[in-house]
Amino acid sequence: MHRFMPAYPRLHLLPGKDRSVRRRHPWIFSGALAPLPEGLTEGEVVEVYDDAGEYLATGHYQIGSIAVRILSFAKVDVAAPFWREQLERAIRWRRQLGLGSQGETNMYRLIHGEGDGLPGLIVDIYGKVAVIQCHSVGFFHVRAELASLLVELMAGDITAVYDKSAATVPYKAGLDAQDGFLLGSGDTWTGQEHGLTYQIDLAEGQKTGFFLDQRENRARLAHYARGHKVLNTFCYTGGFSIAALQGGAALVHSVDSSRPAIERTRAHVLHNFGPEAAHEAFATDAFDFLAKPPAEYDLVVLDPPAFAKHRKVLDRARKGYRRLNRAALEMLPPGGILFTFSCSQVMTRDLFREAVFTAAAQAGRRVRILEQLSQPADHPVSIYHPEGEYLKGLILGVE
Ligand code: SAH
């Protein structure tokens with residue numbers, strides 16, 4: 001059926017403020033906009049024009065510093081066929097990567113916001129359940145529609161869709177968002193990563209339930225782990241620990257300050273490797289643990305939470321990374337290996353490397369970079385949105 005293009009509200013840019021959108025950056029900042037049309041409501045689809053009246057983009061309007069999140073750079077009717085096309089595209093790319101019900105990894109990110117051309121939307125798949133996480137009011141309004149489309153397009157692969165947006169939609173929008181199932185239901189959800197089984201706690205888990213972005217880096221750890229005594233700090237539910245055991249580690253110690261995460265880590269080890277696994281988990285502060293380690297380790301993983309979420313606290317974060325990496329480097333014997341990460345966006349690749357470099361110098365160790373790590377292909381970075389690159393890591397050889 002032919003549809004007429006709806007008349008979306010038109011927002012105009014101030015003179016000279018069109019450069020970034022012409023370079024396909026997916027955000028328009030509020031300071032770039034001329035006074036807004038009356039009656040505009042948050043979450044609405046809007047069209048953006050330059051000051052001379054030329055069409056530039058279509059996106060979701062939101063109150064705040066990022067005023068428009070762009071969905072398309074060509075005029076489009078933002079309705080079911082458009083969403084269908086976007087989801088189909090994301091599904092196609094994940095199949096191309098070998099992710100999905102056919103392979104040995106059925107937990108992965110299906111939609112990664114800007115990286116998939118859908119700023120404000122995250123969709124993660126854990127076996128039979130999809131978790132939608134809306135970061136914008138616009139996506140929050142269409143989440144039920146997206147849920148139905150997902151179940152239809154993933155034909156049989158997923159049976160339920162859970163909405164986990166309560167903590168991520170803007171609080172000020174007053175949406176009274178509650179987490180819960182949009183379609184289907186269930187209590188226990190499991191997924192496979194590289195053939196290993198994880199149980200996902202949709203309601204209580206961090207992020208959407210798991211740190212899917214470390215999948216390939218966990219595989220790198222499995223590659224290095226054979227015969228090593230591994231310390232996995234900031235272990236959450238034990239992803240790196242399980243990978244180390246899979247890789248043949250002689251001993252694995254897991255540390256996280258969250259007790260539920262530690263309990264889940266133990267359950268994951270038990271489920272995948274049985275009661276005899278050479279593993280112990282500690283619910284304690286990682287900095288304290290590193291100061292008084294109960295054993296000697298020759299492979300350490302540091303995967304702390306984002307120390308710096310904002311530029312203002314960047315300095316403190318740099319100190320945090322330095323301190324942590326220094327402690328690990330001082331502890332490792334010659335021939336030791338360090339896997340060190342930062343998932344903070346404002347801590348750029350260069351800044352992170354500089355912090356680790358300073359830590360190495362302070363520790364007085366000879367250190368080589370063996371590998372440089374990043375986020376996996378199901379967490380793509382739009383080439384027009386370099387800010388989307390947030391996860392970086394180094395594998396270091398220490399002498
Ligand atoms: N490596 C994990 C993800 C780490 S997320 C994985 O692959 O799944 C960061 C973790 O650090 C969270 O689980 C959080 O509970 C924990 N954490 C935060 N501050 C901590 C601290 N000071 N000491 C120990 N753990 C901490």
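Since we're looking at a predicted model, the values are computed, not measured. Indexing begins at 1, ligand by ligand and atom by atom, following the structure's order.
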Listed partners of H268 passing ring pair (Phe, Tyr, Trp, His ring centres under 6.0 Å), at least two apart: Y198
Evaluate salt bridge (charged side-chain N to carboxylate O under 4.0 Å, His left out) for E54 paired with R22, printing each intermediate quantity in order. CA-CA 11 Å; E54 186 190 339; R22 286 188 194 282; 3.3 Å; yes
In order of chain and number, which residues sit within 4.0 Å of ligand 1 by heavy atom? Q206, F211, R218, F234, C235, Y236, F240, D256, S257, S258, T284, D285, A286, D303, P305
Donor-acceptor side-chain pairing of W27 and E387 below 3.5 angstrom: no
Hydrogens and angles aside, do N325 and T340 bring a side-chain donor and acceptor to less than 3.5 Å of each other? yes
Under 3.5 Å donor-acceptor pairs involving side-chain atoms of residues 129-140, not counting sequence neighbours:
unit_1: Q133; atom_1: NE2; unit_2: K164; atom_2: O; d: 3.0
unit_1: S136; atom_1: OG; unit_2: F139; atom_2: N; d: 3.2

Restricting to ring pair (Phe, Tyr, Trp, His ring centres under 6.0 Å), what partner residues turn up for Y108, sequence neighbours left out? none
